[in-house]
Structures are given as structure tokens and as C-alpha cells.
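The structure appears below as C-alpha cells.
Hydrogens, waters and symmetry mates play no part in the numbers below; they use all other heavy atoms, side chains included.
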Amino acid sequence: MCLRRGETALFARCNLGSSMALNRLLAVPVRLLTCVAIACALPCGCSFSTDKKLHYIGKPEPEEVVTSKFSIGDVPPSDYVSDALPVTVKPRTIGERNRDKIWDMSLAEAIHLSLINNKLVNKTQGDFLSPGNQLWTNPDGVISIYDAAIRDSGYLFGNRGVESALSVFDPVFAQTLSFGNQATVTNNFTQSGGITPGGILNQDTAQSQTSLTKSMGYGAQLGVSQTINYSNNNINQPLQLFNSVFTGNLQLQYTQPLLAGAGTEFARISGPTSSSIQGVSGLNQGVVIARINTDITLLDFETNVRNMVKDVEDAYWNLYLAYQNYHSQVESRNASYQLWQTVKTKFDIGLEKGGGAEEAQAREAYFEARARAEAALGAPSGSGRGSGGIYGAELALRRLCGLPANDGQIIRPSDEPSMAPLATNWDVALATACTRREELRKQKWNIKSIELQLRAAKNLARPTLNFQSSYQLNGFGENLFGDNTIPAGQPGFGLQNYYNNIFGANNTGWQVGLQFQVPLGLRNAHAQVRNTELRLQKAQTVLEAQESEISHELAATFQAIDYHFQSMQTSYNRRQAAADNLEAIQTDFEIQRKPLDLVLQAQAKLMIADITFYNSVVEYNKALTELQYRQGTLLEYNHIHLAERDWGPDALAGARRLARARSYGYEPLPFDPIRHEPEAMAPRHFSSPELPDSMDAGSLLDLQNSPPASANPQEPALLPEPEPEKGRLE
């Protein structure tokens, strides 16, 4: 670095304006720095031209000019190495067909693979190939198996986990130890303790402060502290008892809130008031709220697992439909090819109805059927592309199952869809949905959290009145330990041992008092109460709207189940009629009684009827899955259960104690701040004036506790519907 001449001159002027004493003290360093500055400035000059030669100290490094702010190489290195391979085998395409090994996969196996292979549960069918895929737009917001543990181990204010919320009740140990020395010239014989004026007063000091404080579960704060001061000086002996002396005290302090911030309930909801940030109430910082937040995170995870399972089932049946669609298209293609060959043979021989127009028409119909078969095999799937062909539907299922794009095997569904009617009960389904639906359980947890925060807010909407007390043992001694060598009756007798003196409790002190503080009007506290009440009202309104929405969703699902079942029966009869129609028309065509157009139309109608039938079957099975989804029993129906780790012995004992207290209706006295039991999360019994006359509250509870309706009963063979009566509109 070089200095400009103006800077050097300024340094020199500042140096000339200094006092004479400072010049004498800094003469050598200033001259040396001035010479170095002038030496650096002379080669540089005042010019900043880029053509001027630059001089450096040491060997110059290789020149490096940065012309861009970002490059691919700017990614920081990482020690993490992913075990997942993005691509293992080249994906299969319709142009390069291989005889892959067939993997007959059951629906249970597909669901099992999706659960064990996916640590992130954000995969859905709709976000594939979409620019709004959360995996790209918001990676931190992706739901994963780590979220519950991350939430439970949170430590920031407003996002605390259970362990962090419990940490405010941990005892805090503090230790401070300091040493010092002072040597001063005395000017007064009396004030210096008898030292001759002009003499040196030497003082050695030391201080030790030790404290242990703990916030109690009912809002109080308990503390034990010890202070030891050491002093040693050379003051004349007659003026003091000992030249070196230890003084200090052992103090016990206890502070108990009596109004705002008092009680076990408040400490569990928001934590003790001593741990709150200045100006922030922290109503949601307690252990109970932290645990509720963890439960809400678990419900978010459960909801996303449920959505993933539903997507896997839908993708599985989409692949089943793709195989059936391909089979129908292949049958149509083969039939079109045989018809084309028949017409072409007649055209070559010159028979009747074997002209060029018929041959071209049959040939065009064949290539159209062939194109449909190719699309049914290799059409891609993704955003805005529908279910696609077999390759696309199989790739979508692989993605949801966490499998590579291609591993040399092609998945083929081995389970057959259900075609049996489902016996459902609307009251049972509605009661089950209102009890087990994940979104409702999450909203109820949210309401419970706000209710608890409202209690804490009302607690804070009171003046601050704290009971304060302290008791201390004062100590004095020449030494910390040791024997008392001064004879009885002499000055200092019994004062040589500091700890003997302090634990003898001969010199004590105590203090008791009340601290009162209140903002006149308590406007901020009342605003907080009002805000929490409005949030609670909104949350309850949202819960009512969710229950109403669930009833509409469930009603739509019931309609879909019945519609697709009826459509499946009708499509079955339609397919049988189309097959009979094609057989009759082909027979008439062979004996030259029907034109070629009718044969082509009959083949197309049979293909459409066949595809429509299997589409109805698949949609019916999707509707059965939708019923379990809307009831909130999809995971249970597939034998999927979420479990936490085992509880500790203390947690089990506390849970049993709370359950016993609730069972016997234990209610603490209003003035007891310690033994306080929270009320139950939900009432045991309830009644509703909106129940019909034939159903009381007990029967509705029986409906809620009854198992969900089965969506997979024994599957009897599907029989065609009887022919409708004449004159009846079907």
C-alpha cells in the first residue's frame, strides 16, 4: 500500500502541532514512520494512471482478472456424497424396445416401496415436470421424515421445541473470580491509614461470586449465591484488626409472582415470566404449546404421507388402465390389419367389394389403429399430458415409489381391481370423517393451542405483584480455613476462620417485601387478550367450515362411487353388445351383405366400449380409495401407522398421574399454585340438538368408534344387467 503526498503532508502537520512533551515521547517512532511514508510515496507519485508501472514488496503473484460474478465452479465443495444414482439404465422408448423382465407388482408392494424409499413425502402426480414443483421452488419447505425432529429440537424464540422449552427450568450455575492489585502514593496520613505521606499504599484484592438459580414450575424463582471478598494492604496494624481479611455472605433468595405470571398453568403455557424477552409476552413458549406444535408437525407429515399413498394407488390403477388400454388397442390394430389383408386380397384378385377405395380405406384404418396402439404403449406422462401410455404411466409409478427410471424391469400390476358393490353407511362415514380426518385433528390442536394462549393472556392482563424475600449469612475472617489461635478475650478471637464464622450463623440478615407494578390502563395486555380471542373465534369458524366442507366432499365421493359402479355395469353390457354386433357384421361382410364402413365402425365401437369399461372399473376403484381418503382412514386401511419413540419412565409416570386425576375429577384448590392438573383435551360426553330423533348422542359415539366401512369386500363375478323392460327409460 502507498500513501499519497497529501496524506503524508497532513501527517506531518499533525506532528508539528503536537505538544513538546508528546514530541519528546514520540520523536523516534514519528521520524521512522515519516521516513517510511515518504519512501512509499516517492515511487508512487500522485498519478493513478493504469499505464504507470506498479511496484510491490515481494514476488508478484500471477495476475487474475475476474470478468464475471458467477460461474458454475462457484458452488462450494461438500463432504456429502449421494448414494442415489439419477440414471441407472437408459429409459425405455417406443423406438428402442427391449424384452425387459416383467415385474408383477402388487398394490401393497408399491405402497411399501414408496414408504421405505422416500425420505421426502412431497412427491405428487401433479408436480412432475411442473415449474412450480416445490422441490425446486421451496426446498426448505418440503415435508420430510426429519421435520418432526427438527421441530421438536427447535431453540429459537417463537419456534421452540419441547427440550428448549424445558430448558428454562434448568438450574443455572454461574461463577465469577477476579484478582486485582493497586499501588498508590499517599498524600494524607489519616486517609491513607497511617502511612507516611509520600509512601506507597499497596492493596491486593480478590472477589469470588458463585450463584445457582432455578425457575420453578409454578412461576417462582429460587436462587442461592455466595460472595467472598478478599483484601490485603499495608495499612498500620493499630488502625485495623487484620491486614488481610475475607468478607462476604451466603444468600438465599425467593421470588413468587402473585398476580401476573403466577401459577403452574401459566408456566406450562408460556414459560416463566423471567425468561421472556423484554417487550414480548411469549405466550407460545411453554412446554405444552411446544408439544402441541410438534403434534401439528406430525399431523402435517401424516397428511403428506396420506396424500403420497393416495397418489401411489392412483398411479397403480393408471398403469393397470394403461395395460388394458394397450391390450384393447392391440386387439383393434390386429383386427384392422386382418381386415386390410382381406380387402387387399380381394383387390389383388379383383373380387367384388375389393376395389381401390375399399383397400385404401382399410389401410388407413389399420394405420390409425396402429398409431393408437403406439400411443398406448409409449406416450409420455406428466404435467398436462394425462395418464400417457404404459411407459409414461410406469415411469410415474416408479417416481412415486422412489425407484430408478429404468432398472431393466418393467412393472406390471398384479392385483385385479374390485368390481363388487360397496355397502356404505352415510352416518358412519360422516362420523368417521369428522373424527379421523387429519386436517380436522390439526385444526383442533390449533384451537387448543390458542385457547391455552388466551388463558395466559388473561393471566398477564393483571398487575404485577411479586413477593420477594431473602436471607443471608454474613461472614468475616482472616483466613478461609484454619484454627483460631487468638486467645479468648483478645481482639479478633473467633474471627480467624471465615467459614466457621459464616456457618456459625452469628451474623445474619433478612429482607421481605412486595413489588407492585402496573401500566395504567393495561392497554397492551387487553389488546393481546382481544387479539387472541379474535384468533380463537376465527379458528373455530374455520373448523366449522372444514366440517361442512368434509360433508360435501364425502357426499361427492358417495355420488362418484355409485356413478362409476353403475357406469361399470352399463359399460360391461355395452361391450358385450359391441362384441356381438361386430361378430354379426363381420359374418354379413364375409357373405357380401354389409359394406366395409360398417365393419370399421363396429371395430371402433368395440374398442371404445372395451376402453370405457376398464376406465369405469379403474375410476370405481379410485373412488373407493377416495372414500378412505375423505374419511381419514386411508393409512389405517393400508395398515400404515405412525409411532413415536418409547416414552421415558418419568413421562409415563406423569401421564398416568394426569389420567388418574382426570378419571377421578381432581380439581386443585384455587390458591394452590403447585398441584394443578390441566383439564381434558375433549369432553367425555356431548349432546347435539341437531341429531335426528332416531339417533341420540350415545349412538353417534358408537358410530364414531365403529370400524370404517370396508372398500374391498369379497368380489363376486360381475354379471350383466338384465335387459330393461319395454317402455322404461334407462
Side-chain angles (χ1 to χ4, degrees), residues 106-108 110-111 125 306 309-325 327-328 386-387 393 413-433 436-437 550-580 605-634 636-638 703 706-725 728-730:
S106 64
L107 178 58
I111 296 176
Q125 296 189 78
R306 177 205 64 185
V309 170
K310 181 180 182 300
D311 287 337
V312 170
E313 291 201 31
D314 290 345
Y316 185 87
W317 294 125
N318 286 338
L319 181 58
Y320 176 87
L321 180 61
Y323 271 98
Q324 296 299 335
N325 183 31
H327 175 74
S328 300
S387 58
S414 60
D415 289 352
E416 291 293 330
S418 173
M419 292 183 287
L422 176 66
T424 57
N425 185 294
W426 168 256
D427 296 323
V428 173
L430 182 59
T432 302
R436 304 186 184 184
R437 185 69 178 266
I550 283 179
S551 66
H552 288 83
E553 292 178 356
L554 202 60
T557 304
F558 267 68
Q559 293 175 348
I561 291 175
D562 185 72
Y563 166 74
H564 291 301
F565 182 77
Q566 296 295 332
S567 176
M568 180 175 58
Q569 288 186 325
T570 303
S571 299
Y572 176 85
N573 294 325
R574 175 189 175 186
R575 187 181 66 167
Q576 292 297 107
D580 296 340
K605 288 182 179 180
L606 178 59
M607 180 267 298
I608 295 174
D610 192 63
I611 294 176
T612 303
F613 167 71
Y614 281 106
N615 185 72
S616 300
V617 172
V618 168
E619 291 300 325
Y620 176 68
N621 282 263
K622 287 184 179 180
L624 297 180
T625 303
E626 187 78 10
L627 176 62
Q628 302 297 334
Y629 174 83
R630 299 300 175 184
Q631 287 184 162
T633 56
L634 182 60
E636 181 181 354
Y637 180 74
N638 288 285
L703 290 177
S706 61
S710 174
N712 191 17
Q714 187 67 28
E715 300 179 3
L718 183 65
L719 299 178
E721 259 189 355
E723 295 182 1
E725 300 176 0
R728 181 182 176 184
L729 180 62
E730 290 292 335

Short side-chain to backbone donor-acceptor contact, [X] and [Y], under 3.5 Å:
{"X": "Ser567", "Y": "Tyr563", "answer": "no"}
{"X": "Asn621", "Y": "Val617", "answer": "yes"}
{"X": "Asp415", "Y": "Leu107", "answer": "yes"}
{"X": "Asp610", "Y": "Leu606", "answer": "no"}

With sequence neighbours excluded, what pairs up with Thr557 under the side-chain hydrogen bond (donor to acceptor under 3.5 Å, both in side chains) test?
none
What residues form a side-chain hydrogen bond (donor to acceptor under 3.5 Å, both in side chains) with Lys605, not counting sequence neighbours?
none
Are the side chains of Leu624 and Gln628 in touch, meaning some heavy atoms are under 4.5 Å apart?
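Not in contact.
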Is any side-chain heavy atom of Leu422 closer than 4.5 Å to one of Leu627?
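Yes, close enough: below the 4.5 Å cut-off.
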With rounding to the nearest 0.5 angstrom, report the [atom1] to [atom2] distance, [X] to [Y].
{"X": "Tyr614", "Y": "Met568", "atom1": "OH", "atom2": "CE", "answer": "12.0 Å"}
{"X": "Asp314", "Y": "Lys310", "atom1": "CG", "atom2": "NZ", "answer": "4.0 Å"}
{"X": "Gln566", "Y": "Ser616", "atom1": "CD", "atom2": "OG", "answer": "11.0 Å"}
{"X": "Glu626", "Y": "His564", "atom1": "CD", "atom2": "NE2", "answer": "9.5 Å"}
{"X": "Leu319", "Y": "Gln324", "atom1": "CG", "atom2": "CD", "answer": "10.5 Å"}
{"X": "Asp562", "Y": "Thr424", "atom1": "CG", "atom2": "OG1", "answer": "8.5 Å"}

Between Thr432 and Gln631, does a side chain to side chain donor-acceptor pair (under 3.5 Å) hold up when you go through it step by step?
CA-CA 6 Å; Thr432 302; Gln631 287 184 162; 5.2 Å; no
When you compare the side chains of Tyr320 and Glu416, does any donor N or O come within less than 3.5 Å of an acceptor on the partner?
yes
Begin from the C-alpha positions of Arg575 and Thr612 and carry the test side-chain contact (heavy atoms from CB on, under 4.5 Å) through to its verdict.
CA-CA 9 Å; Arg575 187 181 66 167; Thr612 303; over 6 Å; no
For side-chain contact (heavy atoms from CB on, under 4.5 Å), just list the numbers for Arg630 and Ile550, CA-CA rounded to whole Å, side-chain angles, deciding distance to a tenth of an Å, and then say yes or no.
CA-CA 7 Å; Arg630 299 300 175 184; Ile550 283 179; over 6 Å; no
Just jot down the side chain to side chain contact (heavy atoms under 4.5 Å, CB included) partners of Arg306, sequence neighbours excluded, or say none.
Thr303, Arg437, Glu438, Glu439, Tyr629, Leu634, Leu635
For Ala110 and Tyr316, work out which heavy atoms get closest and say how close.
CB-CD1, 4.2 Å
Testing the basics here: between Leu321 and Asn615, what is the closest heavy-atom pair and its distance to 0.1 Å?
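Taking every non-hydrogen atom into account, CD2-OD1, 3.4 Å.
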Please work out whether the ring planes of Tyr620 and Phe565 are parallel, tilted or perpendicular, with thresholds of 30° and 60°.
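If you compare the ring of Tyr620 with that of Phe565, the planes turn out tilted.
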Could you walk me through whether Arg574 and Ile608 pass side-chain contact (heavy atoms from CB on, under 4.5 Å), step by step?
CA-CA 10 Å; Arg574 175 189 175 186; Ile608 295 174; 3.6 Å; yes
